[in-house]
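Here the structure is laid out as structure tokens; the discussion comes afterwards.
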Amino acid sequence: MNTPSPTQREVFFPDSEIIVSKTDLKGRITYANQTFCRIAGYDEAELLGQPHSIVRHPDMPRAVFKLLWDTLGEGREIFAYVKNMTRQGDHYWVFAHVTPSYDASGKLVGYHSNRRAPRREAIAALEPVYAKALREEAAHKNGQAALAAGYQCVVDFLRAGNTSYDALVFSL
Ligand SMILES: Cc1cc2nc3c(=O)[nH]c(=O)nc-3n(C[C@H](O)[C@H](O)[C@H](O)COP(=O)(O)O)c2cc1C
């Protein structure tokens with residue numbers, strides 16, 4: 001599927017709706033609800049089997065996804081603010097709650113994400129942090145160095161505020 005170019009035009013979804021998706025262990029989509037499909041601009045059939053990065057916006061620093069995957073890898077849930085991109089290249093901000101999913105025997109079988117419309121104050125506070133992390137990442141040619149630099153930028157920001165990402169997102 002072609003990756004759209006970002007338009008920097010924001011689209012919104014109502015507070016009453018929840019954007020839901022499930023993935024397998026590699027982050028490939030196994031379920032998307034109607035709200036997801038409508039906002040992102042894809043049919044569910046087009047989404048199934050696709051990597052979740054299909055809605056990745058290039059303004060999102062890789063550091064945030066490292067935080068997400070590291071947290072899930074520890075068996076913990078994470079709340080995160082994410083800027084996503086629609087099929088048309090527009091974007092929509094979400095406040096995501098991502099959790100590991102287990103089967104009856106306790107085996108990890110995938111992940112689940114519920115996303116609500118975010119508080120605007122939170123976006124205003126986080127956008128500059130994400131932008132700075134992205135600039136740090138862009139300043140490095142080497143992928144690992146880029147990720148480390150972006151991640152450090154987020155860590156430094158949290159340390160300066162004597163907080164964690166978890167605590168921060170709920171304080172905004
Ligand atoms: C349950 C679940 C939901 C996810 N939702 C999103 C999402 O809405 N937007 C996004 O960009 N990445 C999401 N991701 C992270 C992607 O899997 C991926 O790590 C990210 O898009 C960065 O992709 P890239 O490293 O290929 O650029 C989600 C991952 C999981 C496990």
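Read the numbers this way: they start at 1 and go in the same order the structure lists the ligands and their atoms.
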Numbering as shown, the atoms of ligand 1 that approach [X] to under 4.0 Å (heavy-atom distance):
{"X": "S113", "answer": "1 (C), 3 (C)"}
{"X": "T23", "answer": "1 (C), 2 (C), 31 (C)"}
{"X": "V55", "answer": "7 (C), 8 (O), 9 (N)"}
{"X": "S53", "answer": "21 (O), 23 (O), 26 (O)"}
{"X": "R56", "answer": "11 (O), 21 (O), 22 (C), 23 (O), 24 (P), 27 (O)"}
{"X": "V98", "answer": "1 (C), 2 (C)"}

Scan the side chains in residues 117-126 for donor-acceptor partners under 3.5 Å anywhere in the protein, sequence neighbours excluded, and list what turns up.
from : atom 1 : to   : atom 2 : distance (Å)
R119 : NE     : L172 : O      : 3.0
R120 : NH1    : E10  : OE2    : 3.1
R120 : NH2    : E10  : OE1    : 3.0
R120 : NH2    : E10  : OE2    : 3.2

Among protein heavy atoms, which sits nearest to [atom], and what does the distance come to when rounded to 0.1 Å?
{"atom": "atom 12 (N) of ligand 1", "answer": "F65 CE2, 3.3 Å"}
{"atom": "atom 19 (O) of ligand 1", "answer": "W69 NE1, 2.8 Å"}
{"atom": "atom 9 (N) of ligand 1", "answer": "N84 OD1, 2.6 Å"}

Please output the side-chain donor-acceptor pairs of residues 128-137 that fall under 3.5 Å, not counting sequence neighbours, one pair per line with the distance.
from : atom 1 : to   : atom 2 : distance (Å)
Y130 : OH     : Y81  : O      : 2.7
Y130 : OH     : Y165 : OH     : 2.6
E137 : OE1    : R62  : N      : 2.8
E137 : OE2    : R62  : N      : 3.1
E137 : OE2    : A63  : N      : 2.9

Does any part of the side chain of I19, heavy atoms only, come nearer than 4.5 Å to the side chain of N114, both counted from C-beta?
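No, side chains not in contact.
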
With a 4.5 Å limit on heavy-atom distance, are the side chains of E44 and Y31 in contact?
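Yes, close enough: below the 4.5 Å cut-off.
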
Below 4.0 Å, non-hydrogen atoms only: which portion of R115 touches ligand 1? Side chain, backbone, both or neither.
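Under 4.0 Å from ligand 1, R115 contributes side-chain atoms alone.
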
Hey, is ligand 1 close enough to Y111 that some N/O pair sits below 3.5 Å?
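N/O-N/O distance below 3.5 Å does not exist for this pair.
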
May I ask you to check if ligand 1 and S21 share an N or O to N or O distance below 3.5 Å?
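By distance alone, the answer is no.
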
Of K26, K66, H52, which has the heavy atom at the shortest distance from atom 13 (C) of ligand 1?
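Nearest heavy atom to atom 13 (C) of ligand 1 lies in H52.
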
E46 vs R87, test: salt bridge (charged side-chain N to carboxylate O under 4.0 Å, His left out). Steps then yes/no.
CA-CA 11 Å; E46 292 176 306; R87 180 178 216 148; 2.8 Å; yes

Stepwise ring pair (Phe, Tyr, Trp, His ring centres under 6.0 Å) test for W69 and Y111
CA-CA 10 Å; W69 282 104; Y111 303 102; 5.5 Å; yes

Donor-acceptor contact below 3.5 Å, side chain T86 vs main chain D90:
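Confirmed, T86 side chain pairs with D90 backbone.
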
So, for atom 23 (O) of ligand 1, does the protein have a heavy atom nearer than 4.0 Å?
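Yes, there is one.
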
Indicate, with yes or no, if the rings of F170 and F95 have centres closer together than 6.0 Å.
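Here the rings of F95 and F170 have centres that are less than 6.0 Å from each other.
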
I'd like to know whether CZ of R159 has more than 12 heavy-atom contacts from other residues, nucleotides or ligands below 6.0 angstrom.
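No.
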
